[in-house]
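Comments concern the structure below.
Hydrogens, waters and symmetry mates play no part in the numbers below; they use all other heavy atoms, side chains included.
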Amino acid sequence: MSSPFPLHPTSINRWSSWAISNTFKISHTTKAKKAMGTHNLTVKQLYCCLLPCIFVIISFQASLSEAETHYHEFVIQAKPVRRLCRTRNTITVNGLFPGPTLEVRDGDTLVIKAINNARYNATLHWHGVRQLRNPWADGPDRVTQCPIQPGRSYTYRFTIENQAGTLWWHAHSRWLRATVYGALIIHPKLGSPFSFPMPMREIPILLGEWWDRNPMDVLRLADFTGAAPNVSDAYTINGQPGDLYRCSKQETVRFPVDPGETILLRVINSAMNQELFFAVANHRLTVVAVDADCTMPFETSFIMIAPGQTTDVLLTADQTPGHYYMAAHAYNSANAPFDNTTTTAILEYKSAPCNANNGKSSTPIFPQLPGFNDTNSAVAFTSSLRSPSKVNVPLQIDENLFFTVGLGLINCTNPNSPRCQGPNGTRFAASINNVSFVLPTRNSLMQAYYQGQPGVFTTDFPPVPPVKFDYTGNVSRGLWQPVKATKLYKLKFGAKVQIVFQDTSIVTVEDHPMHLHGHHFAVVGSGFGNFNPQTDPAKFNLINPPYRNTIGNPPGGWVAIRFVADNPGIWLLHCHLDSHLNWGLAMAFLVENGVGKLQSVQPPPLDLPQC
């Protein structure tokens, strides 16, 4: 991991380079060179009295430095991975699980050649990157591109524009993202300050799920039966389940720390289908950012993080030297089966004493996590998030949308069919405003739109539910079956949009983490029960709401967001629980071109895959 302020060698001239501290580990990607390695430079010991001068020099030179172009090859391939006593061929990137961590600066460009050597179609999504005017690099299968077929390749080219913080990347084709994912860390431009005291060390924490079988087979079985997919067999921290699982103790991830040291934990929920509680035993966490947007710092003993979300926390090693578990387990908001296990890693003080009898470290202390059904704690954490200062929130709304989000059931003509193993001989479905989203097969949505190909989608997605009902009450069974369709909602460039996501009690209430591609949004309000358009907007936070790219509704409640549709193209909106996405809990916005080149979609790359 590079330091918070990695120094590119071209940014340091001969007369100042001798004074840069050896505490800086310099990591950079060279221009115009297809290489994945990092180059580490060390320099002489810094005299403390010169530190202020050096930072002035760095800040001045940063203003003159050029953005970098980073070249990578991502080879999507099956590799043997051993977990839970078994070795299985697992889809990875470059043979790594989790995949490579990408580190860039705001303003840098990434050129990533994805080579598909796996046996499945694949795409890659750069979760949270705005991709301004460039939907071709966004990655969702059949939405902005056709998939990369086995034996083929596609090069993603995109620039980071006015973003800094913790994001991540993952496969966006079927269930490949169960093992195809990694961190995307964006440092501020050189000379740009952080909004919080940046520690000298940072650690990505990727929370995941592991199936003791091929995840694609788990999905295939669920597709056939119409039932819910089997739950995972383990959660993971940086790819390892931890001490509490069979055959896993030796590989438990350990993070050594010095007493008194403060570190930044970049926590990413890469799990497929589960919100998670995360904590570190006996240590307070200071939340400083979510989804690559800074927050007003606040202390907490735990965080709740949904699939797709990231949370940056500061941790100070201020406890008695010893060994302390990091742990994560489920927050399960639905009346449904879930993986009720706990993943662990170990925060170990370098000065911690060993057991006098055998020289081994003592048993780590375990954190107190909220219960798996502790909705009050989950909502209290999410409600504590604020932007650190006043932010620009759209006040005059052009598009006022009300979206019901939830599950449904498809009735079968033969309930005894092996393909109808959902509740009472049905098949599971999910929908927004009673429309269960169907991905096209002939072309991707974006390619069909750009090419003017008719018959692939319609633009009549309903702005409100077709039928008004008591959304969180006892819903008539006549409203449980959604309509399957490929419907988009059209937005004019620059439109100011409000969406209220309303949970329903159809099948079960649940927290649905909704992710909007190509945009980030202000979370202006939330509550339990049915949204009241007459009284609830008066409670909105229009001063300093948090900005996010993924947000969940309280189970049996609602959440309201606002954003400006300033990014032309077709952008997917979907639940980041992948079982729900597979059932149709998604839709897409078609943001029209504005005026001129800078408000219009750029032409597609020549190597864009064809269906």
Open item on the list: Quick check on Asn474: does its CG atom have over 12 non-hydrogen neighbours (other residues, nucleotides or ligands) under 6.0 Å away?
Closed with: no
Open item on the list: Phe381: which residues meet the ring pair (Phe, Tyr, Trp, His ring centres under 6.0 Å) condition with it, sequence neighbours left out?
Closed with: Phe298
- [ ] Any disulfide bond (SG atoms under 2.5 Å apart) involving residues 206-283? Give me the pairs, sequence neighbours left out, ordered by first then second residue.
- [x] Cys85-Cys247
Task: Check: Tyr471 ring centre within less than 6.0 Å of Phe402 ring centre - done: yes
Task: Worked check of ring pair (Phe, Tyr, Trp, His ring centres under 6.0 Å) between His574 and His576 - done: CA-CA 6 Å; His574 65 95; His576 222 280; 5.2 Å; yes
Open item on the list: Taking Asp233 first and then Arg83, would you say they form a salt bridge - that is, a charged N and a carboxylate O separated by under 4.0 Å?
Closed with: no
Open item on the list: Closer than 3.5 angstrom, by distance alone: can the side chain of Thr225 be matched with the main-chain N or O of Ala227 as a donor-acceptor pair?
Closed with: yes
Task: Proximity of Phe501 and His512 rings by center, below 6.0 Å - done: no
TODO: Indicate, with yes or no, if the rings of Tyr349 and Tyr324 have centres closer together than 6.0 Å.
DONE: yes
Task: The single option from Asn549, Leu184, Asp138 passing side-chain contact (heavy atoms from CB on, under 4.5 Å) against Val129 - done: Leu184
- [ ] Show your reasoning for whether salt bridge (Lys or Arg N to Asp or Glu O under 4.0 Å) applies to Arg246 and Asp212.
- [x] CA-CA 12 Å; Arg246 64 185 186 273; Asp212 200 13; 2.9 Å; yes
Task: CG (Asn335) with more than 12 external heavy atoms under 6.0 Å - done: no
